[in-house]
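So the structure is just underneath, and the comments pick up after that.
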Amino acid sequence: MKKSLPVETGMLHLAATSYEELQQLLERTYAIFEAHKKKAYLPVTEAIKMEFSSISKIGGIPYLRNENDWPVCPNCQRNMDLLVQLNLADLPERQADGLVQLFYCTAKETDCSSILEGYLPFSKASVVRKISVTGPSAKVRPNLTEVFQEKRIVGWQSCFDYPHREEYDILGIEVPHDGVFDYLYEQKIGSPIRKDKLFGWPYWVQGAEYPQNPETGSQMQFLFQLASFDHLNYRFGDDGTGHITHGADNTGQLAFGWAGH
């Protein structure tokens, strides 16, 4: 005789009538998620004195190739804030030469983010670029009222990451029952991490929004995620999440976009 599920399993009692059925459902769903999991890396940071350097950092001041290399916002005519700088040689995997830098105008009084539709990839409110390190950084006095505290990335914490539910249809993932999904979600299985992170899967707020490479028309790939108020003291819209993406076809194309609730 099959043993009935206890009430404590919550929604799971709607998905299965016995422990045997529940075990089968969990194993089947877990296997689906395992087939799509990716390794992600959470940055480990320490606050340091600001310096023009080529180290990997969140906030602070960037490496500059020359005195005119700090991007300027076309709306307020002030220098954009450095949100993140990644030295590709120091990544935990997929090392390469050069720096990826993300600049974004956060000026509140001129509302540049809203006016320039900064949430859109390729908006004029942001500059995301890959540059080469050609020697010591140039040093300039930026036209900024405030600079984000510089946090050096001193290490990377590896973890497994899973696709967002908004991508299930695209990936062909079928969850047998919401109760099973909710149970695995509580075990941190089957959903992406909503923190600053390198690689893994994007945490989408308003649906999967991979931009298209304007040079080739192909879908761009996820590189780095910035969450509101994680390492950076900034909110994207209403507690939104931002993503740096790159061209999958080695064109060097980069983009940044974000979405809020």
Same cluster or not: are [X] and [Y] linked, directly or through other Ile, Leu, Val, Met, Phe, Trp or Tyr residues, by side-chain heavy atoms under 4.5 angstrom apart?
X	Y	value
L232	I61	no
L120	W258	yes
L223	M220	no
I58	F103	no
Y210	V205	no

Using a strict cut-off of less than 4.0 Å between a Lys/Arg side-chain nitrogen and an Asp/Glu carboxylate oxygen, indicate whether R129 and D69 qualify as a salt bridge.
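Judged by the 4.0 Å cut-off on N to carboxylate O distance, R129 and D69 do form a salt bridge.
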
Hey, is K57 close enough to E51 for a salt bridge, meaning N to O under 4.0 Å?
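Here K57 does not pair with E51 in a salt bridge, since their nearest N and O are not under 4.0 Å apart.
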
With distance as the sole test, does [X] use its side chain to make a donor-acceptor pair with the main-chain N or O of [Y] at under 3.5 Å?
X	Y	answer
K151	H231	yes
E34	Y30	no
T245	Q221	no
E167	A208	no
S132	T134	no
D161	K38	no
D196	D230	no

Are side-chain heavy atoms of [X] and [Y] found at a separation under 4.5 Å?
X	Y	value
K49	E150	no
E117	K124	no
P92	K39	no
V44	R152	no
P62	W70	yes
I193	L42	yes
L116	C73	yes
T241	R194	yes

Worked verdict on Y41 versus E93 for side chain to side chain donor-acceptor pair (under 3.5 Å)
CA-CA 10 Å; Y41 297 90; E93 60 177 82; 2.6 Å; yes

Which heavy atom of [X] sits nearest to which heavy atom of [Y], and what is that distance?
X	Y	value
M80	P74	CE-CD, 4.1 Å
Q253	E215	OE1-OE2, 3.1 Å
S126	Y104	CB-CD1, 3.6 Å
F52	V140	CZ-O, 3.2 Å
A138	E67	CB-N, 3.8 Å
N233	F148	O-CE2, 3.4 Å

If I take atom [atom1] from residue [X] and atom [atom2] from residue [Y], how far apart are they, to the nearest 0.5 angstrom?
X	Y	atom1	atom2	value
I173	L171	CD1	CG	5.0 Å
L99	I131	CG	CD1	5.0 Å
K108	C76	NZ	SG	14.0 Å

Crowded around D97 CG? As in, over 12 foreign heavy atoms under 6.0 Å?
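Counting other residues, nucleotides and ligands, CG of D97 stays at 12 neighbours or fewer.
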
Other residues, nucleotides, ligands: >12 heavy atoms within 6.0 Å of D169 CG
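Check fails, neighbour count at 12 or below.
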
Any chance the side chains of Y203 and S191 put a donor and an acceptor closer than 3.5 Å?
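Absent: no donor and acceptor within the cut-off.
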
Do Y119 and Q206 have side-chain N/O donor and acceptor atoms under 3.5 Å apart?
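No - no donor-acceptor pair under 3.5 Å links their side chains.
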
Can R94 be said to sit on top of F199's aromatic six-ring, NZ or CZ under 6.0 Å from centre and within 45° of the ring axis?
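Yes, R94 lies over the aromatic ring of F199.
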
Here's one to test your reading of the geometry: is the NZ or CZ of K37 within 45 degrees of the ring axis of F160 and under 6.0 Å from its centre?
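Judged by the rule, K37 and F160 form a cation-pi pair.
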
T45 vs V154, side-chain contact (heavy atoms from CB on, under 4.5 Å): CA-CA, chis, key distance, verdict
CA-CA 5 Å; T45 67; V154 297; 5.9 Å; no

Pairs in or reaching into residues 137-148: which pass side chain to side chain donor-acceptor pair (under 3.5 Å), with residues at least two apart or in two chains?
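Applying side chain to side chain donor-acceptor pair (under 3.5 Å) to every pair that reaches into residues 137-148, excluding sequence neighbours, yields nothing.
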
Only pairs under 3.5 Å count here: list side-chain donor-acceptor contacts from residues 81-90, not counting sequence neighbours, and write none if there are none.
residue: D81; atom: OD2; partner: T106; partner atom: N; Å: 3.3
residue: D81; atom: OD2; partner: T106; partner atom: OG1; Å: 2.7
residue: Q85; atom: OE1; partner: Y63; partner atom: N; Å: 3.0
residue: Q85; atom: OE1; partner: Q101; partner atom: NE2; Å: 2.8
residue: Q85; atom: NE2; partner: S53; partner atom: O; Å: 2.9
residue: Q85; atom: NE2; partner: I55; partner atom: O; Å: 2.8
residue: N87; atom: OD1; partner: A89; partner atom: N; Å: 3.1
residue: N87; atom: ND2; partner: S54; partner atom: O; Å: 2.9

Among F236, F224, W204, F256, the one residue meeting ring pair (Phe, Tyr, Trp, His ring centres under 6.0 Å) with H243:
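For H243, the ring pair (Phe, Tyr, Trp, His ring centres under 6.0 Å) check succeeds only for W204.
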
Parallel under 30°, tilted from 30 to 60°, perpendicular over 60°: which one fits the rings of F33 and Y168?
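Ring orientation of F33 relative to Y168: tilted.
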
Do Q77 and V72 pass the side-chain contact (heavy atoms from CB on, under 4.5 Å) test, and can you show the C-alpha distance, the side-chain angles, and the key distance before you say yes or no?
CA-CA 6 Å; Q77 304 303 315; V72 172; 4.3 Å; yes

